[in-house]
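Some notes on the structure that comes next.
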2 protein chains.
Amino acid sequence: MADFPTPETRWLTDEERTAWLRLIAVTMLLPSRLESELKRDAGLSHFEYYVLAMISETPERSLLLTEVAARTNSSLSRLSHVVGRLEGQGFLSRCTSPHDGRASLARLTEAGWAKVVASAPGHVEEVRTVVFDSLEDGQVQQLSEICARLLGALDPQHVLLGLGERLP
Amino acid sequence: MADFPTPETRWLTDEERTAWLRLIAVTMLLPSRLESELKRDAGLSHFEYYVLAMISETPERSLLLTEVAARTNSSLSRLSHVVGRLEGQGFLSRCTSPHDGRASLARLTEAGWAKVVASAPGHVEEVRTVVFDSLEDGQVQQLSEICARLLGALDPQHVLLGLGERLP
DNA sequence: AGGTTTTAGTTGTTGCTTCAAGTAATCATC
DNA sequence: GATGATTACTTGAAGCAACAACTAAAACCT
């Protein structure tokens, strides 16, 4: 659209272009692969699994919705709908935070915990087959470092990795 | 679910786990970043842009829907809806293939070509800021190689890169 | 204390995606 | 050269996500 005032487009080199096409292909295929594996084996969407798994890793097996939303890069609206569904299926329950009347905690039920325990191995196996089995030893470290740098641009506060607030 | 016959889950090492969390964060954030940039600057979804851009790169500025679907990892159904919309906006037109009465060609209109020309620089700039400006020189090559390996598992036929059929 | 602002979450609408079913042209086979 | 199978797409219904508008609690600010 507004193409004129721009000094000059810095087009991609061939090397960059190839890397880009491959990266974009990965970001298209990887989510849908995980999606269908989880749907088939656990009856959950990847997002639903991710929410349950994240809550399951806390000591109390409960998390503030705001916190879940931040760590999953989801809007509170989306999360509210999804948590409503998961609650309807009996995997978690909502209760108002004792410290803050606005906030609600999502707490895993026994069924929810069981669901995670049952689904995790298959999911990890899938991750292993798709990602790590394909890579040489050194490449895991390389991938990690590269993604860390990309996240520096995509998520400067590192909210998604749950490191949002590291107190001073 | 069926968790028993599995020999033993091969859990992720710490290094792998970190790499995995970062990779998954990237696959969550990168698409939505491109999505909002394109929506804002060009009024297109990333998928719509990708379809137009892919067609624009052919000599005739036209492609079979099947081919587009394969290269974008989209179902024909999804593509049919999207192409319908893009046609409604005047960015492309459909016509039946002369060689195969079942197949249809999507051909860019002048407006469609203009749209791609207008949107591409901003999009490339965004890609550069988010991805390549963050990386050291060697890392572009590393990323490219790593993604190529992942695609080996995700897309063994390399359909997405448009290399599906290399005739004998 | 009172009023504004910010934060946390919910709800409803709109639109895109997926899924299932259907049509029509072509290929394959006998 | 008819019949069955496959391929290429279309269509309609259902579900999920994005967006906007709303409620309510807490924090902030004199």
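Each chain gets a letter, A, B and so on, in the order its sequence line appears, and its residues count up from 1. Because only heavy atoms are used, hydrogens play no part in the values below, and waters and symmetry mates are left out as well, while side chains stay in.
Nucleic acid contact class of B:Ser77 (heavy atoms, under 4.0 Å, all strands): base. Note on B:Leu65: only backbone sugar-phosphate atoms sit closer than 4.0 angstrom, heavy atoms only; bases stay farther off. Within the nucleic acid shown, A:Ser104 comes within 4.0 Å of sugar-phosphate atoms alone, with no base atom in reach, counting heavy atoms only. At the heavy-atom level, A:Arg78 lies under 4.0 Å from the strands shown only through sugar-phosphate atoms.
A donor-acceptor contact shorter than 3.5 Å links the side chain of B:Arg128 to the backbone of A:Arg10. Listed for the B:Thr109 side chain is a donor-acceptor partner under 3.5 Å among the backbone atoms of B:Phe91.
Atoms NZ and CG, on B:Lys39 and B:Leu34 in that order, are 13.5 Å from each other to the nearest 0.5 Å.
The distance from atom NE2 of B:His81 to atom P of D:dA14 is 14 Å, rounded to the nearest whole Å. Between B:Leu76 atom CG and D:dT11 atom P the separation is 13 Å, expressed in whole Å. Going from atom CG of A:Asn73 over to atom P of D:dA17 covers 13 Å, rounded to whole Å. Spacing between atom CD of B:Glu35 and atom P of D:dA18 amounts to 9 Å, rounded to whole angstrom units. Residue A:His46 contributes atom NE2, which lies 13 Å from atom P of D:dA17 at whole-angstrom precision.
Note on A:Leu44 and A:Val124: same hydrophobic cluster, where clusters join Ile, Leu, Val, Met, Phe, Trp and Tyr whose side-chain heavy atoms are under 4.5 Å apart, directly or indirectly.
Close approach of DNA chain C to chain B, defined as any atom under 4.0 Å from a non-hydrogen atom of the protein, starts and stops at C:dC16 to C:dT26.
Residue order along DNA chain C, read from the 5' end via each residue's closest nucleotide, puts A:Thr66 first among A:Thr66 and B:Gly101. Between A:His99 and B:Lys39, the one whose closest nucleotide on DNA chain D sits nearer the 5' end is B:Lys39.
Within the structure, every side-chain polar atom (N or O) of B:Arg102 is placed at least 4.0 Å from both OP1 and OP2 of D:dT7.
Counting heavy atoms from C-beta on, the side chains of A:Leu150 and B:Val131 come closer than 4.5 Å. Contact of the B:Arg78 side chain with the B:Phe47 side chain is registered, since non-hydrogen atoms from C-beta on lie closer than 4.5 Å.
A salt bridge is defined here as a Lys NZ or Arg NE, NH1 or NH2 lying under 4.0 Å from an Asp or Glu carboxylate O, and A:Glu37 with A:Arg33 fails to meet this definition.
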